[in-house]
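To start, the structure under review is shown below, and the notes come after it.
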Amino acid sequence: MTTDAKQSWAGERMPCLGGLCGALFAPRCTPEGKYLDTLPGLIAIALAFLTLSGAVMAAYYDPWHAFASVQFIRREVNNGWLVQAYHATGATALFGLVYLHLFRVMLTRAYRAPGEFAWWLAVKLLALLLFVGWMGFVLSGGAAGYWSLFNAANAAVSLPGAPGAVARWFLGGPAAPASLARLEMFHTVLALAALAVAGGLLAARRKVAPQPAPGKGVAFYPYYLAQYLAALAVFALIFSVLLFFAPHFGQPAVNALAADPLTLPAGTALPWYLLPLAGVADALPGLWGGVAGVAGALVVLAALPWLDRAGPDGAKGKLYCALTWILALDVLALGATSAAHDNPQAPLLLGLFTLWYFFHFLVLTPLVTAMEAK
Amino acid sequence: MAETAATEASGHGTESRRGFLTILTGAASAVAIGAIGWPLVDALNPDAESEAGARLIVDVADIAENTAKAVQWGGLPIYIRKLTAQQIADAQAVVPDTLPDPADFMSRVPAAYQNYVVVVGLNTGTPCELEGNDPADPRGDFGGWICPCDGSQYDPLGRVRSGPAKKNLAIPRFTFINAAQIQFG
């Protein structure tokens, strides 16, 4: 049975299934696909892999003895050290893929219509994953995770009115083991939601992919499957190197200590994938400043299809391309400065980099794209 | 010779080469998926702590005659009792067919260490923990164990002799590692 026949067989019996098959395994693609087009697929695979390893760890994880249970997983569970490393390194790999995908879409300006829906899904995925990633970092029960939760929870729970009530409902009181039990639940549920968003991203990207000229297309199998396998092999190689040679990559060293409510560790920090956004939050004053910074940074990202004034068919100028590269450097600099936040110059630099981030989206993007489109 | 090699390299061998590459890719993928997936499956096997608990080793050398030691294994109270020569002789004298749940002496004790009885210390009628491990405890008319809940009585081999209970005490899976230690599981 050919792919077409299978699709119509399933589609007749369950129309939405036929549509899903068509979206995920489009029968006809252009012959010259780019290897980086496999990024959404790799994101979905990495997310599914994280879900699997997380499900295995959930069998042993105990939020009331979080740090001890992670140690138990690493020492007593068969291959537990490997499963735990899968999960920790999987998070690093997943965020690497998501950041790379977002950057690539910005660079190729594929977020313009009709790609804006796929772009929103990608930004939504990033927002969800940042939240899920932070919860996973807190669930490790290490000192850095504990104090991150402590600070966030105490600030949120003491808010007046509805926000405080929501925070109390979500956390079940400030930084108690009960909070970890809830966070474990939300970590799981939102990770599954992220898996659904990743599936949506995959389907939406298929629609945006260039359509082949009549009679020129090639089938997904075996051409694109081979491409996916090659991309997956390269990804697996990088993943293995990180897994076996840098299992604590991007994790604050303090998190290797058990959390102690009476001892504030000298350097509290976050994992690398949270650092740029934490830098934006730190640059703005107060709790609401931080919240507004994080929300604003994601909102301007999502608003990119409107901020780009060149229109769907406008020319792609070199200047805007260079500005996008500068933005990437700016985000890296935000992360690096946020990691070194004890430096006396850090507040000033964080302010500057945050200013540039919003300046890029809100001023430079509309101006330069409109100018270059003429 | 040279001509054959050239033919194979250019056109003739393409089909077999593609087949070979397909098999190679498929095999490598299968190995890779297996290697990645196996730790996830293996991690759900019993962990080292449960495994150690499931293969519990108990020291029996310190048990005095006519006394039983209680240990917990697999969530059950296990009684390990050392018999006196008199109790062995008495138990062997009983005709199994006269008992509520007939069982002969050799089916109740390990063949190599016939002075030890290892049983699950739960009454087989009303599930209560039995009394009679210490010589000073109430033991009933047969010198074994008695149930404080329904009054069922057992002999030193754990065979039911009277009371609502109808079955002998269960014997857990165990082996003598040496004269001083037994291992469960």
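Every chain is numbered from 1 and lettered A, B, ... according to where its sequence line falls, protein lines coming before strand lines.
- Near-neighbour residues of residues 71-84 of chain A relative to chain B, defined by a heavy atom under 4.5 Å from a heavy atom of that chain, comprise A:F72, A:E76, A:V77, A:N78, A:N79, A:L82, A:V83.
- Between B:A35 and A:Y86, the shortest heavy-atom distance links the atoms O-OH, 3.9 Å.
- More than 12 heavy atoms of other residues, nucleotides or ligands shown are found within 6.0 angstrom of OH on B:Y113.
- For the pair B:L40 and A:F49, the tightest heavy-atom approach, listed with the atom from each and the gap, is CD1-CE1, 4.2 Å.
- In this structure, OG in A:S53 is found 11.5 Å from CD1 in B:I36, a value given to the nearest 0.5 Å.
- In this view, A:Q251 satisfies the side-chain hydrogen bond (donor to acceptor under 3.5 Å, both in side chains) rule with no residue, not counting sequence neighbours.
- Only the side chain of B:T25 has a heavy atom closer than 4.5 Å to any heavy atom of chain A.
- The closest donor-acceptor contact from the side chain of A:Y60 to the backbone of B:A43 lies under 3.5 Å.
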